[in-house]
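All values below were derived from every heavy atom in this structure, side-chain atoms included, with hydrogens, water molecules and symmetry-related copies excluded. Chain naming here is simple, since letters A, B, ... match the order of the sequence lines and numbering starts at 1 in each.
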2 protein chains.
Amino acid sequence: MDKPVARATDADTAAAKRPRGRPRKTLGERDDGNRRVELIRAAARLFRKKGFDATSTRDIAAAVGMQSGSPFYHFKSKGALLYAVMEEGMRSAIAQQGRALQKEEQETTDPPGLLRVLIRNHFDVLLGPGNDFIPVMLYESRAITPRQRGLLAQLQSEYESVWTPVLAALQASGRIRADAKLARLLIFGALNWSAQWFDRRQSATLDDLADAALALFLQEIP
Amino acid sequence: MDKPVARATDADTAAAKRPRGRPRKTLGERDDGNRRVELIRAAARLFRKKGFDATSTRDIAAAVGMQSGSPFYHFKSKGALLYAVMEEGMRSAIAQQGRALQKEEQETTDPPGLLRVLIRNHFDVLLGPGNDFIPVMLYESRAITPRQRGLLAQLQSEYESVWTPVLAALQASGRIRADAKLARLLIFGALNWSAQWFDRRQSATLDDLADAALALFLQEIP
DNA sequence: CCTACCGATCGGTAGG
DNA sequence: CCTACCGATCGGTAGG
């Protein structure tokens, strides 16, 4: 769990294509971690589609070809599996955000450009193919314990820590007018809510979304 | 169900204060509708607090002092009760929005002023004391049938129909830069997400929120 | 990781 | 609206 899975964006779809295929044990590849990851991935998809409470551990077991009791060999409870989905989602999102910034770091130090990278990447984290982890975290947080919520809050702080100076700079230069803290909450709301309505089969692309968000939040250059 | 309950904003809290008190039958007041409304209200509170699946019909029955099977005398299923919460929430929100616009209709025909009224009222609908109905609708829609979703979509269209011309006017005048449809979705997202983080016991008021939202979305006058 | 199983809970109903 | 109840499902476990 410490090393993030390969970019969920491109890896998940492939795996979902052959859910039957038993793990190919090329070379000395151990099964242990794989089965655990498979469980987390299947759980994420089902938790997102049907909700945590409406998903039975039997559903999850069946999705990876296990018997009903077997998930409990890997996770001590259904709640632990939910938390693993959320934690994996956050670690993966943080890593992906880091890569996105690094890639653009060529010259893009201007706050508007940085905000675009952050927003565009956030849409990817939320809406990219196979990215069910963060939506699950956003919409099922009621089901975890206060302690787990605290641990996730730390990861969320880490994720947001990159945004704070960017938003502060934009506010200082007058390109964002609203109070910094409320602006951050409202912006994340606008972005996060897209998980409820975005349909990949429809017209708008993630770039369109990023454009619209930037146009909505940023004051035009005077 | 056709006539909306008294403004949830001021009526709900009072009722919550005396959950034990058996309905006072002053004058010829019939119990029938009251019990039904009590059930809807209790269900809304519990559905919001614990989620639909995690709330048992026994929880709801107990909250209004009934035995476990009795809610099914009023509603044919748990799902019907959920839908009643959502429909009641939408009808109430539409009525409340109508009143808010009427009250301000003195001279306020300018789009920015109208948007402020709409946003301020929307925060009231979402975050006002005892207003659990709309958050339940927003966050539990997975649990209703497609047909019910369709019926609610009609009510949501009615609610949003007032926003559309206002947003169009703001876009035409350059005070909103983003694509009209995406702007609407992003704005509603920013507002709706507040149901996840807003804490009435904290500093910001609903007026603060409305101010911040306006400042964030509207281009400054040149 | 499977087999076999348990106790608890749940939505819903018959019959008054 | 209550009493008494049912069938189904669920999370989880022992023992291999």
Side-chain angles (χ1 to χ4, degrees), chain A residues 19-25 29-44 46-47 49-86 136 140 142-145 148, chain B residues 19-25 29-44 46-47 49-86 136 140 142-145 148:
Chain A
R20 301 271 162 263
R22 285 313 165 100
R24 49 298 71 129
K25 356 183 63 172
E29 199 179 351
R30 298 247 309 287
D31 267 7
D32 308 328
N34 282 342
R35 296 303 270 164
R36 194 188 156 88
V37 168
E38 283 177 50
L39 276 171
I40 293 181
R41 220 171 262 177
L46 289 166
F47 287 162
K49 188 181 172 190
K50 318 202 309 176
F52 174 72
D53 288 307
T55 301
S56 71
T57 53
R58 283 161 172 82
D59 292 335
I60 299 168
V64 299
M66 283 180 182
Q67 295 304 314
S68 67
S70 302
F72 296 98
Y73 171 76
H74 298 277
F75 296 90
K76 73 174 209 297
S77 71
K78 189 188 176 189
L81 186 42
L82 173 63
Y83 177 72
V85 168
M86 295 181 175
V136 166
E140 299 294 341
R142 213 168 13 199
I144 60 176
T145 70
Q148 292 173 325
Chain B
R20 302 269 162 263
R22 286 311 164 99
R24 44 313 48 142
K25 354 180 66 171
E29 200 178 350
R30 300 245 309 285
D31 267 6
D32 309 326
N34 283 340
R35 296 303 269 164
R36 195 187 155 88
V37 169
E38 283 177 52
L39 276 171
I40 292 182
R41 219 171 263 175
L46 289 167
F47 288 161
K49 187 182 175 188
K50 318 202 308 177
F52 175 71
D53 288 307
T55 301
S56 71
T57 54
R58 284 163 170 80
D59 292 336
I60 299 168
V64 299
M66 284 180 182
Q67 295 304 314
S68 67
S70 302
F72 296 97
Y73 172 77
H74 298 277
F75 295 90
K76 73 173 207 298
S77 70
K78 189 187 175 189
L81 185 43
L82 174 63
Y83 177 72
V85 167
M86 295 181 175
V136 166
E140 299 293 340
R142 212 165 18 197
I144 60 176
T145 70
Q148 293 174 325

Student: Please report the distance, rounded to the nearest Å, between CD1 in B:Ile60 and P in C:dT9.
Tutor: 17 Å
Student: Return no unless some side-chain N or O of A:Thr57 is found under 4.0 Å from OP1 or OP2 of D:dG11.
Tutor: yes
Student: Tell me whether the side-chain N/O atoms of B:Gln67 come closer than 4.0 Å to OP1 or OP2 in D:dC1.
Tutor: no
Student: Where each residue is assigned the nucleotide of DNA chain D containing its nearest heavy atom, which of A:Phe72 and B:Gly69 is assigned the position nearer the 5′ end?
Tutor: B:Gly69
Student: Testing B:Thr57, B:Val85, B:Asn34, B:Ile60 one by one against B:Leu39 for a side chain to side chain contact (heavy atoms under 4.5 Å, CB included), which residue passes?
Tutor: B:Ile60
Student: Only pairs with both distances under 3.5 Å count, Watson-Crick or wobble alike; so what is the partner of C:dG16 in this structure?
Tutor: D:dC1
Student: Do you know which two heavy atoms are closest between B:Gly65 and B:Arg35, and how far apart they sit?
Tutor: O-NH2, 4.4 Å
Student: Grab the NZ-C1' distance between A:Lys78 and D:dT13 for me, whole Å please.
Tutor: 17 Å
Student: Once you round it to whole Å, what is the distance between P of C:dG12 and CG of B:Asp59?
Tutor: 14 Å
Student: Which heavy atom of B:Tyr83 sits nearest to which heavy atom of B:Gln148, and what is that distance?
Tutor: CB-NE2, 3.4 Å
Student: Using atom CZ of A:Arg58 as one end and atom C1' of C:dC2 as the other, report the distance to the nearest whole Å.
Tutor: 14 Å
Student: Take atom OH of A:Tyr73 and atom C1' of D:dG16, then tell me their distance rounded to the nearest Å.
Tutor: 13 Å
Student: Take the protein atom NE2 of B:His74 and the nucleotide atom P of C:dG11, then report the distance between them rounded to whole Å.
Tutor: 17 Å
Student: Can you tell me the distance, in whole Å, between the CZ atom of B:Arg35 and the C1' atom of D:dC1?
Tutor: 9 Å
Student: May I have the distance from A:Arg36 (atom CZ) to C:dC1 (atom C1'), rounded to whole angstrom?
Tutor: 15 Å
Student: Taking only side-chain N and O atoms of A:Ser70, does any of them lie within less than 4.0 angstrom of OP1 or OP2 on C:dC2?
Tutor: yes
Student: In terms of side-chain geometry, is the basic nitrogen of A:Arg41 or A:Glu38 positioned less than 4.0 Å from the acidic oxygen of its partner?
Tutor: no
